[in-house]
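Below, chain A is the first sequence line, B the second, and so on; all start at residue 1.
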Number of protein chains: 2
Amino acid sequence: MARMTPDDRRAAIIAATLAVMQRQGIAATTVRDVAAELDASSGLIHHYMTSMDELIAEAFERAAGADLLATRALVEQGQGPLEQLRFFFDSYSRAGDDFGMQLWLDAWAEAARRPELRQTSQRLNQAWQQLIRSIIEDGVRIGVMNCTDPVAAAWRILSLLDGLHLQEVAHGDSVTSQQVTKWSRHGAEIELGLAEGTLASHPTAPGELT
Amino acid sequence: MARMTPDDRRAAIIAATLAVMQRQGIAATTVRDVAAELDASSGLIHHYMTSMDELIAEAFERAAGADLLATRALVEQGQGPLEQLRFFFDSYSRAGDDFGMQLWLDAWAEAARRPELRQTSQRLNQAWQQLIRSIIEDGVRIGVMNCTDPVAAAWRILSLLDGLHLQEVAHGDSVTSQQVTKWSRHGAEIELGLAEGTLASHPTAPGELT
DNA sequence: GACGCTATTGCGCAAATGTCCAATAAGCCC
DNA sequence: GGGCTTATTGGACATTTGCGCAATAGCGTC
(Lines give C-alpha, C1' and ligand atoms only; values in the text may rest on other atoms or scores of the structure.)
Protein backbone atom coordinates (compact mmCIF):
# COMPACT_ATOMS: atom_id res chain seq x y z
CA MET A 1 0.00 0.00 0.00
CA ALA A 2 1.23 3.44 -0.89
CA ARG A 3 2.57 5.40 2.02
CA MET A 4 0.36 8.32 2.99
CA THR A 5 0.57 11.22 5.40
CA PRO A 6 -1.09 10.51 8.75
CA ASP A 7 -3.89 12.98 8.10
CA ASP A 8 -4.74 11.53 4.73
CA ARG A 9 -4.52 7.98 5.98
CA ARG A 10 -6.76 8.75 8.92
CA ALA A 11 -9.35 10.26 6.62
CA ALA A 12 -9.11 7.27 4.29
CA ILE A 13 -9.64 4.88 7.18
CA ILE A 14 -12.72 6.72 8.34
CA ALA A 15 -14.11 6.81 4.82
CA ALA A 16 -13.57 3.08 4.44
CA THR A 17 -15.17 2.41 7.82
CA LEU A 18 -18.14 4.43 6.73
CA ALA A 19 -18.56 2.39 3.58
CA VAL A 20 -18.47 -0.84 5.55
CA MET A 21 -20.85 0.49 8.17
CA GLN A 22 -23.34 1.50 5.53
CA ARG A 23 -23.11 -1.91 3.94
CA GLN A 24 -23.26 -4.06 7.07
CA GLY A 25 -24.40 -1.92 9.97
CA ILE A 26 -22.38 -0.78 12.95
CA ALA A 27 -22.64 -3.99 14.93
CA ALA A 28 -21.27 -6.11 12.08
CA THR A 29 -18.37 -3.82 11.20
CA THR A 30 -15.01 -5.43 11.90
CA VAL A 31 -11.43 -4.25 11.68
CA ARG A 32 -10.69 -6.77 8.99
CA ASP A 33 -13.60 -5.61 6.85
CA VAL A 34 -12.37 -2.05 7.03
CA ALA A 35 -8.87 -3.17 6.14
CA ALA A 36 -10.20 -5.10 3.15
CA GLU A 37 -12.18 -2.06 2.03
CA LEU A 38 -8.99 -0.02 2.23
CA ASP A 39 -7.04 -2.85 0.61
CA ALA A 40 -4.62 -2.54 3.49
CA SER A 41 -3.62 -4.59 6.50
CA SER A 42 -5.58 -4.80 9.70
CA GLY A 43 -2.62 -3.66 11.74
CA LEU A 44 -2.71 -0.32 9.99
CA ILE A 45 -6.06 0.53 11.46
CA HIS A 46 -4.78 0.02 14.98
CA HIS A 47 -1.78 2.16 14.20
CA TYR A 48 -4.16 5.09 13.89
CA MET A 49 -7.07 4.16 16.13
CA THR A 50 -6.60 3.14 19.72
CA SER A 51 -9.75 1.06 19.77
CA MET A 52 -12.67 -0.14 17.71
CA ASP A 53 -14.98 2.14 19.67
CA GLU A 54 -13.06 5.20 18.61
CA LEU A 55 -13.13 4.11 14.99
CA ILE A 56 -16.87 3.55 14.98
CA ALA A 57 -17.72 6.72 16.85
CA GLU A 58 -15.59 8.79 14.51
CA ALA A 59 -17.03 7.24 11.35
CA PHE A 60 -20.58 7.61 12.58
CA GLU A 61 -19.99 11.23 13.46
CA ARG A 62 -18.66 11.89 10.00
CA ALA A 63 -21.62 10.27 8.26
CA ALA A 64 -24.36 11.68 10.43
CA GLY A 65 -22.64 15.04 10.73
CA ALA A 66 -22.48 15.35 6.97
CA ASP A 67 -26.23 14.74 6.70
CA LEU A 68 -26.84 17.45 9.26
CA LEU A 69 -24.65 19.95 7.43
CA ALA A 70 -26.33 19.19 4.13
CA THR A 71 -29.77 19.71 5.60
CA ARG A 72 -28.69 22.92 7.30
CA ALA A 73 -27.30 24.24 4.06
CA LEU A 74 -30.50 23.45 2.20
CA VAL A 75 -32.67 24.99 4.91
CA GLU A 76 -30.68 28.22 4.76
CA GLN A 77 -31.64 28.58 1.13
CA GLY A 78 -35.32 28.64 2.00
CA GLN A 79 -37.15 31.94 1.83
CA GLY A 80 -38.95 32.27 5.14
CA PRO A 81 -39.77 29.66 7.77
CA LEU A 82 -42.43 27.82 5.77
CA GLU A 83 -40.17 27.13 2.84
CA GLN A 84 -37.33 26.37 5.23
CA LEU A 85 -39.40 23.73 6.98
CA ARG A 86 -40.41 22.32 3.61
CA PHE A 87 -36.76 22.08 2.59
CA PHE A 88 -36.01 20.49 5.93
CA PHE A 89 -38.40 17.67 5.18
CA ASP A 90 -37.12 17.36 1.63
CA SER A 91 -33.57 17.00 2.87
CA TYR A 92 -34.39 14.72 5.80
CA SER A 93 -36.15 12.19 3.61
CA ARG A 94 -33.01 11.99 1.58
CA ALA A 95 -30.62 11.82 4.53
CA GLY A 96 -32.81 9.23 6.20
CA ASP A 97 -32.59 6.71 3.43
CA ASP A 98 -32.27 3.08 4.34
CA PHE A 99 -28.51 3.20 4.77
CA GLY A 100 -28.40 6.27 6.93
CA MET A 101 -31.34 5.28 9.04
CA GLN A 102 -30.04 1.80 9.81
CA LEU A 103 -26.93 3.56 11.07
CA TRP A 104 -29.06 5.58 13.45
CA LEU A 105 -30.91 2.50 14.66
CA ASP A 106 -27.61 0.85 15.45
CA ALA A 107 -26.31 3.98 17.12
CA TRP A 108 -29.33 4.37 19.38
CA ALA A 109 -29.20 0.74 20.42
CA GLU A 110 -25.45 0.75 20.95
CA ALA A 111 -25.45 4.09 22.74
CA ALA A 112 -26.18 2.40 26.05
CA ARG A 113 -22.98 0.40 25.79
CA ARG A 114 -20.58 2.64 23.86
CA PRO A 115 -19.98 5.94 25.67
CA GLU A 116 -18.24 7.68 22.80
CA LEU A 117 -20.94 6.74 20.34
CA ARG A 118 -23.56 7.85 22.81
CA GLN A 119 -22.11 11.33 23.12
CA THR A 120 -21.91 11.76 19.37
CA SER A 121 -25.41 10.50 18.80
CA GLN A 122 -26.87 12.69 21.52
CA ARG A 123 -25.09 15.81 20.31
CA LEU A 124 -26.26 15.31 16.73
CA ASN A 125 -29.86 14.65 17.74
CA GLN A 126 -29.87 17.83 19.77
CA ALA A 127 -28.51 19.71 16.80
CA TRP A 128 -31.33 18.42 14.62
CA GLN A 129 -33.87 19.46 17.22
CA GLN A 130 -32.37 22.94 17.47
CA LEU A 131 -32.51 23.35 13.72
CA ILE A 132 -36.24 22.67 13.77
CA ARG A 133 -36.74 24.81 16.83
CA SER A 134 -35.14 27.88 15.29
CA ILE A 135 -37.32 27.55 12.20
CA ILE A 136 -40.41 27.34 14.38
CA GLU A 137 -39.37 30.33 16.46
CA ASP A 138 -38.91 32.37 13.31
CA GLY A 139 -42.27 31.20 12.04
CA VAL A 140 -44.02 32.15 15.26
CA ARG A 141 -42.28 35.52 15.35
CA ILE A 142 -43.50 36.56 11.93
CA GLY A 143 -46.89 35.00 12.52
CA VAL A 144 -46.99 32.20 9.94
CA MET A 145 -46.84 29.44 12.53
CA ASN A 146 -48.79 28.85 15.69
CA CYS A 147 -46.92 27.23 18.56
CA THR A 148 -46.80 27.88 22.28
CA ASP A 149 -43.83 25.64 23.04
CA PRO A 150 -41.28 25.49 20.23
CA VAL A 151 -38.90 23.30 22.22
CA ALA A 152 -41.51 20.61 22.72
CA ALA A 153 -42.83 21.00 19.19
CA ALA A 154 -39.35 20.58 17.73
CA TRP A 155 -38.74 17.41 19.73
CA ARG A 156 -42.11 16.11 18.65
CA ILE A 157 -41.50 16.75 14.96
CA LEU A 158 -38.06 15.17 15.13
CA SER A 159 -39.28 12.19 17.15
CA LEU A 160 -42.20 11.66 14.83
CA LEU A 161 -39.87 11.64 11.84
CA ASP A 162 -37.48 9.23 13.52
CA GLY A 163 -40.28 7.00 14.76
CA LEU A 164 -41.86 6.72 11.34
CA HIS A 165 -38.56 6.20 9.55
CA LEU A 166 -37.76 3.54 12.09
CA GLN A 167 -40.83 1.55 11.12
CA GLU A 168 -39.99 1.88 7.46
CA VAL A 169 -36.38 0.74 7.82
CA ALA A 170 -36.81 -1.92 10.50
CA HIS A 171 -39.97 -3.50 9.19
CA GLY A 172 -40.09 -2.65 5.55
CA ASP A 173 -43.67 -3.04 4.54
CA SER A 174 -45.46 -1.77 7.65
CA VAL A 175 -45.04 1.82 6.58
CA THR A 176 -43.89 2.89 3.15
CA SER A 177 -41.53 5.66 2.27
CA GLN A 178 -44.32 7.71 0.75
CA GLN A 179 -46.37 7.36 3.90
CA VAL A 180 -43.48 8.54 6.02
CA THR A 181 -43.14 11.60 3.83
CA LYS A 182 -46.81 12.38 3.79
CA TRP A 183 -47.61 11.56 7.39
CA SER A 184 -44.66 13.33 8.97
CA ARG A 185 -45.33 16.53 7.04
CA HIS A 186 -48.99 16.44 7.87
CA GLY A 187 -48.10 15.88 11.51
CA ALA A 188 -45.99 19.02 11.48
CA GLU A 189 -48.83 20.92 9.82
CA ILE A 190 -51.18 19.91 12.61
CA GLU A 191 -48.57 20.71 15.23
CA LEU A 192 -47.94 24.21 13.91
CA GLY A 193 -51.46 25.12 12.89
CA LEU A 194 -50.74 25.10 9.16
CA ALA A 195 -53.19 24.39 6.38
CA GLU A 196 -53.01 20.89 4.96
CA GLY A 197 -50.55 20.68 2.10
CA THR A 198 -48.49 23.66 3.23
CA LEU A 199 -45.46 21.44 3.76
CA ALA A 200 -45.96 19.20 0.74
CA SER A 201 -42.74 18.54 -1.14
CA HIS A 202 -41.67 21.57 -3.09
CA PRO A 203 -41.33 20.51 -6.74
CA THR A 204 -38.53 22.97 -7.49
CA ALA A 205 -36.52 22.68 -4.29
CA PRO A 206 -32.87 23.47 -5.01
CA GLY A 207 -30.61 20.45 -4.91
CA GLU A 208 -33.50 18.09 -5.39
CA LEU A 209 -32.55 14.57 -6.32
CA THR A 210 -34.27 12.13 -8.64
CA MET B 1 -29.81 -30.02 36.95
CA ALA B 2 -33.19 -31.42 37.85
CA ARG B 3 -35.01 -32.96 34.99
CA MET B 4 -38.02 -30.95 33.88
CA THR B 5 -40.91 -31.44 31.49
CA PRO B 6 -40.23 -30.00 28.05
CA ASP B 7 -42.85 -27.28 28.50
CA ASP B 8 -41.48 -26.15 31.83
CA ARG B 9 -37.91 -26.25 30.63
CA ARG B 10 -38.77 -24.27 27.56
CA ALA B 11 -40.43 -21.61 29.67
CA ALA B 12 -37.46 -21.53 32.02
CA ILE B 13 -35.06 -21.06 29.12
CA ILE B 14 -37.07 -18.18 27.74
CA ALA B 15 -37.28 -16.55 31.16
CA ALA B 16 -33.52 -16.86 31.61
CA THR B 17 -32.91 -15.47 28.13
CA LEU B 18 -35.08 -12.52 28.97
CA ALA B 19 -33.13 -11.80 32.13
CA VAL B 20 -29.86 -11.85 30.22
CA MET B 21 -31.28 -9.71 27.43
CA GLN B 22 -32.43 -7.10 29.90
CA ARG B 23 -29.04 -7.06 31.56
CA GLN B 24 -26.82 -7.04 28.48
CA GLY B 25 -28.91 -6.18 25.48
CA ILE B 26 -30.00 -8.42 22.64
CA ALA B 27 -26.81 -8.15 20.62
CA ALA B 28 -24.66 -9.21 23.57
CA THR B 29 -26.80 -12.13 24.64
CA THR B 30 -24.98 -15.45 24.19
CA VAL B 31 -25.96 -19.06 24.62
CA ARG B 32 -23.46 -19.48 27.42
CA ASP B 33 -24.83 -16.53 29.33
CA VAL B 34 -28.32 -17.97 29.16
CA ALA B 35 -27.02 -21.35 30.29
CA ALA B 36 -25.22 -19.75 33.23
CA GLU B 37 -28.37 -17.86 34.19
CA LEU B 38 -30.23 -21.17 34.15
CA ASP B 39 -27.34 -22.87 35.93
CA ALA B 40 -27.49 -25.47 33.20
CA SER B 41 -25.31 -26.52 30.30
CA SER B 42 -25.14 -24.74 26.98
CA GLY B 43 -26.10 -27.85 25.09
CA LEU B 44 -29.45 -27.88 26.77
CA ILE B 45 -30.48 -24.66 25.11
CA HIS B 46 -29.91 -26.09 21.65
CA HIS B 47 -31.85 -29.17 22.63
CA TYR B 48 -34.91 -26.92 22.74
CA MET B 49 -34.09 -24.14 20.32
CA THR B 50 -32.92 -24.75 16.80
CA SER B 51 -30.99 -21.51 16.62
CA MET B 52 -30.01 -18.41 18.48
CA ASP B 53 -32.40 -16.37 16.33
CA GLU B 54 -35.35 -18.41 17.47
CA LEU B 55 -34.33 -18.10 21.09
CA ILE B 56 -34.01 -14.33 20.94
CA ALA B 57 -37.18 -13.82 18.96
CA GLU B 58 -39.17 -15.93 21.37
CA ALA B 59 -37.82 -14.20 24.46
CA PHE B 60 -38.45 -10.79 22.97
CA GLU B 61 -41.96 -11.77 22.01
CA ARG B 62 -42.66 -12.89 25.54
CA ALA B 63 -41.44 -9.64 27.07
CA ALA B 64 -42.93 -7.24 24.58
CA GLY B 65 -46.07 -9.30 24.15
CA ALA B 66 -46.73 -9.18 27.88
CA ASP B 67 -46.49 -5.38 27.81
CA LEU B 68 -48.99 -5.28 24.98
CA LEU B 69 -51.43 -7.55 26.80
CA ALA B 70 -51.14 -5.50 29.98
CA THR B 71 -51.83 -2.28 28.13
CA ARG B 72 -54.75 -3.83 26.27
CA ALA B 73 -56.24 -5.03 29.55
CA LEU B 74 -55.91 -1.62 31.13
CA VAL B 75 -57.36 0.13 28.09
CA GLU B 76 -60.40 -2.11 28.16
CA GLN B 77 -61.18 -0.87 31.63
CA GLY B 78 -61.47 2.69 30.39
CA GLN B 79 -64.95 4.20 30.12
CA GLY B 80 -65.12 5.67 26.64
CA PRO B 81 -62.37 6.48 24.15
CA LEU B 82 -60.95 9.45 26.03
CA GLU B 83 -60.33 7.55 29.22
CA GLN B 84 -59.12 4.59 27.20
CA LEU B 85 -56.51 6.74 25.49
CA ARG B 86 -55.52 8.18 28.86
CA PHE B 87 -55.06 4.67 30.22
CA PHE B 88 -53.11 3.79 27.13
CA PHE B 89 -50.59 6.49 27.86
CA ASP B 90 -50.49 5.56 31.54
CA SER B 91 -49.72 1.99 30.69
CA TYR B 92 -47.26 2.75 27.93
CA SER B 93 -45.10 4.92 30.15
CA ARG B 94 -44.86 1.99 32.49
CA ALA B 95 -44.22 -0.62 29.80
CA GLY B 96 -41.67 1.63 28.20
CA ASP B 97 -39.38 1.81 31.18
CA ASP B 98 -35.68 1.76 30.55
CA PHE B 99 -35.43 -2.01 30.35
CA GLY B 100 -38.35 -2.51 28.02
CA MET B 101 -37.46 0.33 25.75
CA GLN B 102 -33.81 -0.65 25.42
CA LEU B 103 -35.10 -4.03 24.31
CA TRP B 104 -37.09 -2.34 21.59
CA LEU B 105 -34.08 -0.32 20.47
CA ASP B 106 -32.07 -3.50 20.21
CA ALA B 107 -34.88 -5.25 18.38
CA TRP B 108 -35.28 -2.53 15.78
CA ALA B 109 -31.56 -2.44 15.13
CA GLU B 110 -31.19 -6.22 15.02
CA ALA B 111 -34.27 -6.68 12.86
CA ALA B 112 -32.16 -6.13 9.76
CA ARG B 113 -29.99 -9.12 10.63
CA ARG B 114 -32.37 -11.50 12.39
CA PRO B 115 -35.38 -12.46 10.28
CA GLU B 116 -37.38 -14.11 13.06
CA LEU B 117 -36.90 -11.18 15.41
CA ARG B 118 -37.90 -8.85 12.62
CA GLN B 119 -41.21 -10.62 12.12
CA THR B 120 -41.99 -10.56 15.82
CA SER B 121 -41.10 -6.91 16.19
CA GLN B 122 -43.13 -5.91 13.16
CA ARG B 123 -46.18 -7.85 14.27
CA LEU B 124 -46.12 -6.34 17.74
CA ASN B 125 -45.67 -2.81 16.45
CA GLN B 126 -48.65 -3.27 14.17
CA ALA B 127 -50.69 -4.55 17.10
CA TRP B 128 -49.82 -1.43 19.11
CA GLN B 129 -50.85 0.76 16.21
CA GLN B 130 -54.16 -1.08 15.82
CA LEU B 131 -54.91 -0.65 19.48
CA ILE B 132 -54.54 3.10 19.14
CA ARG B 133 -56.45 3.12 15.87
CA SER B 134 -59.48 1.39 17.31
CA ILE B 135 -59.61 3.86 20.18
CA ILE B 136 -59.47 6.75 17.73
CA GLU B 137 -62.16 5.25 15.51
CA ASP B 138 -64.43 4.89 18.52
CA GLY B 139 -63.67 8.43 19.56
CA VAL B 140 -64.48 9.79 16.13
CA ARG B 141 -67.66 7.74 15.92
CA ILE B 142 -69.12 9.16 19.10
CA GLY B 143 -67.82 12.61 18.31
CA VAL B 144 -65.28 13.22 21.08
CA MET B 145 -62.28 13.10 18.78
CA ASN B 146 -61.58 14.81 15.51
CA CYS B 147 -59.55 12.85 12.99
CA THR B 148 -59.85 12.37 9.24
CA ASP B 149 -57.29 9.56 8.95
CA PRO B 150 -57.19 7.25 12.00
CA VAL B 151 -54.63 4.95 10.42
CA ALA B 152 -52.15 7.76 9.90
CA ALA B 153 -52.96 9.34 13.26
CA ALA B 154 -52.39 6.05 15.06
CA TRP B 155 -49.01 5.57 13.41
CA ARG B 156 -48.10 9.14 14.27
CA ILE B 157 -49.04 8.79 17.92
CA LEU B 158 -47.15 5.51 18.22
CA SER B 159 -44.11 6.81 16.36
CA LEU B 160 -44.07 9.97 18.44
CA LEU B 161 -44.12 7.93 21.61
CA ASP B 162 -41.36 5.64 20.37
CA GLY B 163 -39.28 8.53 19.08
CA LEU B 164 -39.47 10.42 22.35
CA HIS B 165 -38.83 7.36 24.48
CA LEU B 166 -35.91 6.59 22.26
CA GLN B 167 -34.27 9.90 23.11
CA GLU B 168 -34.88 9.36 26.78
CA VAL B 169 -33.44 5.86 26.87
CA ALA B 170 -30.57 6.29 24.44
CA HIS B 171 -29.40 9.71 25.55
CA GLY B 172 -30.63 10.06 29.08
CA ASP B 173 -30.58 13.75 29.76
CA SER B 174 -31.69 15.12 26.39
CA VAL B 175 -35.32 14.45 27.18
CA THR B 176 -36.61 13.50 30.61
CA SER B 177 -39.24 10.97 31.47
CA GLN B 178 -41.67 13.69 32.54
CA GLN B 179 -41.18 15.49 29.24
CA VAL B 180 -41.91 12.32 27.31
CA THR B 181 -45.12 11.87 29.26
CA LYS B 182 -46.21 15.47 28.89
CA TRP B 183 -45.13 16.00 25.30
CA SER B 184 -46.48 12.77 23.88
CA ARG B 185 -49.91 13.29 25.46
CA HIS B 186 -50.04 16.87 24.28
CA GLY B 187 -49.04 15.74 20.82
CA ALA B 188 -51.98 13.34 20.78
CA GLU B 189 -54.27 16.11 22.00
CA ILE B 190 -53.22 18.31 19.10
CA GLU B 191 -53.53 15.40 16.67
CA LEU B 192 -57.07 14.57 17.74
CA GLY B 193 -58.37 18.07 18.34
CA LEU B 194 -58.64 17.67 22.11
CA ALA B 195 -58.41 20.42 24.69
CA GLU B 196 -55.05 20.70 26.41
CA GLY B 197 -54.92 18.52 29.51
CA THR B 198 -57.58 16.09 28.33
CA LEU B 199 -55.04 13.26 28.28
CA ALA B 200 -53.16 14.25 31.43
CA SER B 201 -52.38 11.28 33.64
CA HIS B 202 -55.47 10.10 35.44
CA PRO B 203 -54.69 10.22 39.19
CA THR B 204 -56.92 7.27 40.03
CA ALA B 205 -56.21 5.05 37.08
CA PRO B 206 -56.64 1.41 38.07
CA GLY B 207 -53.43 -0.49 38.48
CA GLU B 208 -51.41 2.68 38.73
CA LEU B 209 -47.86 2.25 40.02
CA THR B 210 -45.93 4.62 42.29
C1' DG C 1 23.88 6.87 -2.05
C1' DA C 2 23.54 5.98 2.93
C1' DC C 3 20.77 6.73 6.93
C1' DG C 4 16.86 7.39 9.97
C1' DC C 5 12.14 7.82 10.84
C1' DT C 6 7.81 5.74 10.60
C1' DA C 7 4.00 4.07 7.71
C1' DT C 8 2.78 -0.49 6.65
C1' DT C 9 2.73 -5.37 6.77
C1' DG C 10 1.31 -10.00 8.04
C1' DC C 11 0.99 -13.09 11.26
C1' DG C 12 0.06 -14.72 15.90
C1' DC C 13 -2.52 -14.82 20.21
C1' DA C 14 -6.16 -15.24 23.41
C1' DA C 15 -10.86 -14.89 24.04
C1' DA C 16 -15.54 -15.55 22.61
C1' DT C 17 -19.27 -17.54 19.89
C1' DG C 18 -22.86 -20.75 17.58
C1' DT C 19 -23.37 -25.37 16.82
C1' DC C 20 -23.01 -30.23 17.31
C1' DC C 21 -22.46 -34.83 19.51
C1' DA C 22 -21.36 -38.84 22.19
C1' DA C 23 -21.83 -39.90 26.94
C1' DT C 24 -24.50 -39.71 31.25
C1' DA C 25 -28.30 -39.99 34.28
C1' DA C 26 -32.95 -39.16 35.75
C1' DG C 27 -37.63 -40.57 35.70
C1' DC C 28 -41.27 -43.93 34.18
C1' DC C 29 -43.45 -48.38 32.91
C1' DC C 30 -43.43 -53.39 33.26
C1' DG D 1 -35.29 -54.13 40.15
C1' DG D 2 -34.51 -53.87 34.97
C1' DG D 3 -34.88 -51.53 30.91
C1' DC D 4 -36.35 -47.84 27.89
C1' DT D 5 -36.90 -43.13 26.78
C1' DT D 6 -35.02 -38.70 26.73
C1' DA D 7 -33.55 -34.65 29.47
C1' DT D 8 -29.04 -33.11 30.45
C1' DT D 9 -24.20 -32.80 30.40
C1' DG D 10 -19.66 -31.09 29.12
C1' DG D 11 -16.56 -30.52 25.98
C1' DA D 12 -14.86 -30.39 20.98
C1' DC D 13 -14.79 -27.78 16.74
C1' DA D 14 -14.48 -24.31 13.43
C1' DT D 15 -14.91 -19.56 13.01
C1' DT D 16 -14.49 -14.84 14.15
C1' DT D 17 -13.12 -11.11 16.86
C1' DG D 18 -9.98 -7.10 18.74
C1' DC D 19 -5.41 -6.32 19.47
C1' DG D 20 -0.19 -6.44 19.66
C1' DC D 21 4.39 -6.98 17.78
C1' DA D 22 8.50 -7.87 15.26
C1' DA D 23 9.80 -7.31 10.57
C1' DT D 24 9.62 -4.71 6.21
C1' DA D 25 9.63 -0.97 3.10
C1' DG D 26 8.74 3.73 1.55
C1' DC D 27 10.14 8.57 1.85
C1' DG D 28 12.84 12.66 3.32
C1' DT D 29 17.51 14.42 4.84
C1' DC D 30 22.30 14.85 4.73
Review point. Under 4.0 Å between a side-chain N/O of A:H47 and OP1 or OP2 of C:dT8, yes or no?
Key: no
Check your understanding: Can you tell me if the side-chain N/O atoms of B:H46 get under 4.0 Å from OP1 or OP2 in C:dC20?
Key -> no
Point to revise | Check: B:I135 and B:M145 side chains under 4.5 Å, non-hydrogen atoms | key: yes
Check your understanding: Going by heavy atoms in the side chains, are A:M49 and A:I13 under 4.5 Å from each other?
Key -> yes
**Study point:** side chain to side chain contact (heavy atoms under 4.5 Å, CB included) assessment of A:I190 paired with B:R156
**Key:** CA-CA 11 Å; A:I190 298 174; B:R156 269 196 292 265; 4.1 Å; yes
Practice item. Applying side chain to side chain donor-acceptor pair (under 3.5 Å), run through A:Q167 and A:S174 and close with a yes or a no. Key: CA-CA 7 Å; A:Q167 292 295 333; A:S174 263; 4.6 Å; no
Check your understanding: For DNA chain D, what residues of residues 13-33 of chain A have any heavy atom nearer than 4.0 Å?
Key -> A:T29, A:T30, A:V31, A:R32
Practice item. Scan residues 108-117 of chain B against DNA chain D and write down, sorted by residue number, each residue with any heavy atom closer than 4.0 Å; if none is found, say none. Key: none
What is the separation between atom [atom1] on [X] and atom [atom2] on [N], rounded to the nearest whole Å?
X     : N      : atom1 : atom2 : value
B:E54 : C:dT19 : CD    : C1'   : 14 Å
A:D39 : C:dT9  : CG    : C1'   : 13 Å
A:Y48 : C:dT9  : OH    : C1'   : 13 Å
B:L38 : D:dT8  : CG    : P     : 10 Å
B:I45 : C:dC21 : CD1   : C1'   : 16 Å
B:R9  : C:dA26 : CZ    : P     : 13 Å
A:R10 : C:dT8  : CZ    : P     : 13 Å
B:D8  : C:dG27 : CG    : P     : 13 Å

Review point. When you look at B:L82 and B:L194, which way does the side chain to side chain contact (heavy atoms under 4.5 Å, CB included) test go after all the steps?
Key: CA-CA 9 Å; B:L82 286 180; B:L194 304 174; 3.8 Å; yes
Review point. Nearest to the side chain of A:M52, which nucleotide is it out of D:dC19, C:dA7, C:dA26?
Key: D:dC19
Any sub-3.5 Å donor-acceptor pair from [X]'s side-chain atoms to [Y]'s backbone N or O?
X     : Y      : value
A:R10 : A:Y48  : yes
B:E37 : B:A16  : no
A:R72 : A:L131 : no

Review point. Are the charged groups of A:E110 and A:R118 less than 4.0 angstrom apart, N to O?
Key: no
Check your understanding: Do NZ/NE/NH1/NH2 and the carboxylate oxygens of B:R133 and B:D149 come within less than 4.0 Å?
Key -> no
Review point. C:dT6 base to A:R3 side chain: any donor-acceptor pair below 3.5 Å?
Key: yes
Exercise for review: Return one dot-bracket line describing DNA chain C 5' to 3' (Watson-Crick or G-U wobble pairs, both distances under 3.5 Å; ( ) same strand, [ ] crossing, | another strand, . none).
Suggested key: ||||||||||||||||||||||||||||||
Review point. Going through the checks in order, is the side chain to side chain donor-acceptor pair (under 3.5 Å) test met by B:N125 and B:Q129?
Key: CA-CA 6 Å; B:N125 268 148; B:Q129 184 263 355; over 6 Å; no
Practice item. For the residue pair B:W104 and B:F60, categorise the inter-ring angle as parallel (less than 30°), tilted (30 to 60°) or perpendicular (more than 60°). Key: perpendicular
Check your understanding: Checking all strands, does B:S51 fall into the base, sugar-phosphate, or nothing category for heavy-atom contacts under 4.0 angstrom?
Key -> sugar-phosphate
